[in-house]
Amino acid sequence: MLVAVAVIVGLWFIYKHWVSIYSHWKKRDIPFYPAEFPYGSHPNLVKLKQYRGYTIDKMYHEFAPHPMFGIYVLRKPMLVVRDPEMIQLILAKEFSHFRDRGIIKLSDKDVINHHLFNLDGERWRALRMKLTPTFTSGRLKSMFPLFVSCAESFSSLLLSKVDSKVDIKELTGRFTADVICSCAFGLETDVINHPDNKLRNIGIEGIKLKFLMKLKMAILRIFPKLSSLLPIRFISVEDENYLINLVKNIVEQREKNGIVRNDFIDLLIQLKNKENPGDDGQEFEKPFEMTLEFMTAQCFVFFVAGFETSSSVQSFCLYELALHQDIQSRLIEEINEKIEKNGGLTYKALQEMEYLDMVISETSRKYPTVPTLVRQCTKSITLPAGQKMEQDTLILIPVWSLHHDPQYFPNPEKFDPGRFSQENKDSIVPYTYLPFGEGPRMCIGMRFGLLQTKVGIVTLLQKFQVVPCEETQIPLVMGGISATTASDKPIIIKLIARCTIDKMYYKFSQHPMFGIFSLRNPMLIIRDPEMVQLILTKEFSNFRDRGIIKVSEKDVLNNHLFNLAGEKWRVLRMKLTPTFTSGKLKAMFPLFVSCAENFSSLLMSKVDSKVDIKELIGRFTADVICSCAFGLETDVINHPDNKLRRIGISRIQLTFLAKLKVALSRLFPGLLALFNIRFIPLEDENYIMNLVENIVEQREKNGIVRNDFIDLLMQLKNKGSLADDGQEFEKPFEMTLGFMAAQCFVFFLAGFETSSSVQSFCLYELALHQDMQSRLIEEINEKIKKNGGLTYKALQEMEYLDMVVSETTRKYPTLPTLVRQCTKSVTLPTGQKIEQDTMIIIPVWSLHHDPQYFPNPEKFDPERFSEENKESIVPYTFLPFGEGPRMCIGMRFGVLQTKVGIVTLLQKFQVEPCEETEIPLVMGGSSATTASDNPIIIKLRARS
């Protein structure tokens, strides 16, 4: 009985002693989160079954008005600082008072854990000063070949995973482990292909918060003096011996054989031998004792931190890119541009990738590597705001909460790299963005980690795209089993490669290509998407020309970009490309809107009528092109018999005479030039030449500027380049009046015909699919209301409109085939030899209607192009504008014009089929483009 009483009394005294600390914050008049025996303020801060960032975040928001608040972890009071200015004082301005982390006291026998992250006081300061020069940009540049070598192996691994669902962190973890093994230990372990490497396994186990590790940490927090009495260790003796022997053997081998690899161990050897790393310029009064064990500890933390944190950032980043294909596309575009500019994946190329920086910065904001930073007050201090912090107070900085606070990062759950653009990043409140910490104790390996992360992401996106799949967790949920920020489930995404003739196409379905004859001309039809890719992109220099017809020099208006070949095409393409940037289109947008207002008035007059929809839309597109190409306010919408429009319509029609001229040009290529055979009558040519001449003279005389196509051509004529395109050419570019007229003419011809076709096919399908039309109208209403009218920005936000237009161009591609000419004999990687002058046909219509690539191809289904589905489309099977350097230069203009037309109509009207509507449509052969055999008749109704 006495024993029982003694036990109860003893337990009561223990309890009272335990909870006596729980009045700590109350006595100091600091708001606090109440504590309960035995865990303190929250069980999860000890058990860590849930992500601790979530636990702290809940408290962070509960104490929103306060700059700081107190919590208890077991018996340990901790001060959570949520005010950015106080955080700056702790991490930087008053750093000398908060130098230590003070997390746990380590046993001297736990050799491997005596590394830079855990050290305190003067030992930390001296080692930090010694190691800092090892991570300069110069050092990293000298290590870069090691990164590239690992990246090549990583690329090979990814190739074996194409079209597979992958645990992306497991793959990037192999890459980062390989880089660290190479850069920290100087080992060529090929972890990428042998993931069960012992060093990697030790690192993975070191990150996991297992029960035994949590128990050890709890004991040392409650009884810190036990660290000197008991040999509590966090790494097993077996693993410790393995690491020490590994480093010992490497050091001995290098010193014996004079091996230099410019890696981390080389730099540590210099310190061990009382040398300052080569060019850092530092001198130390006392020699620094870099023992073998101390070297191993630094290598170990470099390995664990380097491979785990970088693989996490890469996997989170690729996850977000899979969910945001627009961001991924923009990043891929930048990667392609910088790699081409710098001749490969170079250190300089990476430094120039500004959007990549933005993407990684936003990833590090949304998924900070550690959810909290911890500092210990080493010397009592009274802060400028009057708060007194006593010696040994533990400070917790809630990184996750700061990164997800809408006060600092509006709509924090949205992945938005634009937060870190040059215009925006300076507006971020200092010390609210802390992915690497801040101040003298910020992550020493930040530059290394960023470089490794960039190399991994660029290596993947150079050749592949990532898309979500049914196993992709949306949204991700963070777990509590890791010491760092990690999802509770694997991050699973899909990896895909970036890589009519109709009856013939299916007849040769087992072959990648087959031959046909057009009159006496042999032509090669390519049906394999990979070979299409080779011709349009990879081997483009050998297939640069269209080679359709040889145009007479005197047929002035046909010497336009579409028909030109060789260097004339290349130079003109380079000159005209900047005229179709989003910025130029945005400047032209008011011209689109003005035409759209007239179009809307025309439609009002047709309400409840059956209309030839292409004829109506053709008036709108002709009006837009007259305005944007010629600067003419022709009002084609109300005066459809405009001469310029009539010339355009006649040029699209394949009359018997036009077909005869094309046939003669193919049989006898020199005949057109010899007899001055022209495709455009001289009368029409003179009309257009005079029209352009009068416009140019009037503008130059009166200083008129309209921000249209002729303005841009005048800049080329007068200066050789666009005023703001940044291009410079050694020789002035001769933009003659005839050449200007030819470009205006083809712009008009292609622009008004192709866009009117796409819009009419689109509205036809919407008339047949009222559910899709309703969904699109709903989106249009929402975005126009949000943006205060039909604006450029409103159109960019209409995602479902994008899907509908994309599906229209799949089912009804503007051109049924693309034609290329082999300009130089070439043997393709697949072994096929294609001789010079061979004509190549790419069967766009057939690819777009092949059920292998587009199941149930006759079904109109915009969902094929949803964010979840569109990236599963096989590359080079969807070619509405062609692909590669010779893809349609006016694509952006055409798409913008198409969207404006559709939105203008659906803002006020609905379309529906009537008895004259042809179902299904049948394509005709009288047009050079895809066109229905009969007019597309639908009914127009006013929306209620």
Side-chain angles (χ1 to χ4, degrees), residues 324-327 329-330 333 355 411 414 416-419 421-424 576-601 603 617 620-631 633 637 705-712 722-725 747 750-752 754-756 758-759 762 776-806 808-809 865 867 880-881 888-908:
H324 299 90
Q325 291 296 317
D326 55 334
I327 296 173
S329 297
R330 180 177 168 185
E333 187 178 344
Y355 194 62
N411 196 1
K414 179 184 179 184
D416 180 12
R419 302 181 203 271
S421 66
Q422 289 299 323
E423 313 88 71
N424 295 332
L576 292 183
T577 294
T579 69
F580 294 99
T581 62
S582 56
K584 300 289 185 187
L585 294 181
K586 203 169 181 180
M588 289 184 190
F589 193 72
L591 305 178
F592 285 73
V593 172
S594 176
C595 297
E597 290 168 355
N598 292 335
F599 183 42
S600 184
S601 299
L603 295 171
I617 292 174
F620 164 67
T621 55
D623 211 33
V624 171
I625 301 291
C626 281
S627 184
C628 293
F630 293 91
E633 294 179 359
I637 287 173
V705 177
R706 274 180 55 99
N707 284 321
D708 57 14
F709 191 59
I710 279 199
D711 266 3
L712 305 174
L722 295 183
D724 58 353
D725 66 6
F747 184 23
F752 103 84
T754 59
S755 289
S756 63
V758 173
Q759 290 175 64
C762 180
L776 181 54
I777 286 171
E778 186 177 343
E779 181 184 71
I780 289 168
N781 291 344
E782 177 193 338
K783 301 303 180 185
I784 284 180
K785 182 178 179 181
K786 175 186 172 185
N787 290 278
L790 177 52
T791 65
Y792 187 87
K793 185 171 181 287
L795 283 180
Q796 305 311 304
E797 292 177 359
M798 295 181 189
E799 295 178 358
Y800 191 64
L801 176 60
D802 275 334
M803 293 162 58
V804 169
V805 172
S806 294
T808 302
T809 56
F865 296 91
E867 288 300 320
F881 299 98
C888 175
I889 192 173
M891 176 185 71
R892 287 181 177 175
F893 185 98
V895 170
L896 184 62
Q897 182 178 221
T898 296
K899 289 181 176 180
V900 171
I902 293 169
V903 169
T904 299
L905 188 146
L906 293 180
Q907 265 188 283
K908 297 180 179 178

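Along the sequence shown, residues are numbered consecutively beginning with 1.
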Intermediate values then yes/no, side chain to side chain contact (heavy atoms under 4.5 Å, CB included), Ile902 and Cys762: CA-CA 8 Å; Ile902 293 169; Cys762 180; 3.6 Å; yes

Let me confirm one number: the [atom1]-[atom2] distance from [X] to [Y], rounded to the nearest 0.5 Å.
X	Y	atom1	atom2	value
Asn598	Leu603	CG	CG	11.0 Å
Asp416	Asn411	CG	CG	8.5 Å
Glu597	Thr904	CD	OG1	9.0 Å
Cys626	Leu591	SG	CG	12.0 Å
Thr621	Ile637	OG1	CD1	9.0 Å

Pairwise side-chain contact, [X] with [Y], heavy-atom cut-off 4.5 Å (strictly under):
X	Y	value
Arg419	Lys414	yes
Gln759	Leu905	no
Thr809	Val758	yes
Cys595	Ser627	yes
Phe599	Val624	no
Pro417	Ile327	yes

Only counting residues at least two apart or in another chain, list the ones meeting side chain to side chain contact (heavy atoms under 4.5 Å, CB included) with [X].
X	value
Thr581	Lys584, Arg892
Gln907	Ile780, Ile784, Leu790, Val903
Ser601	none

Among all residues two or more places apart in sequence or in another chain, which pass the side-chain hydrogen bond (donor to acceptor under 3.5 Å, both in side chains) test with Thr808? none

All side-chain hydrogen bond (donor to acceptor under 3.5 Å, both in side chains) counterparts of Ser755, not counting sequence neighbours: Gln897

Closest approach of Leu795 to Phe589 (non-hydrogen atoms, all atoms of both residues):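 Looks like CD1-CE1, 3.7 Å.
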
Determine, stepwise, if the pair Asp711 / Val705 fulfils side chain to side chain contact (heavy atoms under 4.5 Å, CB included). CA-CA 7 Å; Asp711 266 3; Val705 177; 3.4 Å; yes

Kindly write out the residues that satisfy ring-ring contact (aromatic ring centres under 6.0 Å, His included) with Phe881, not counting sequence neighbours, or none if the list is empty.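 If we apply the ring-ring contact (aromatic ring centres under 6.0 Å, His included) test to Phe881, skipping adjacent residues, there are no hits.
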
Not counting sequence neighbours, which residues clear ring-ring contact (aromatic ring centres under 6.0 Å, His included) with Phe893? List them please. Phe592, Phe747

Which pairs of donor and acceptor atoms, one on a side chain in residues 797-806, lie under 3.5 Å apart (sequence neighbours left out)?
| from | atom 1 | to | atom 2 | distance (Å) |
| --- | --- | --- | --- | --- |
| Glu797 | OE1 | Lys786 | NZ | 3.3 |
| Glu797 | OE1 | Asn787 | ND2 | 3.1 |
| Glu797 | OE2 | Lys793 | NZ | 2.6 |
| Asp802 | OD1 | Lys899 | NZ | 2.4 |
| Ser806 | OG | Asp802 | O | 2.9 |

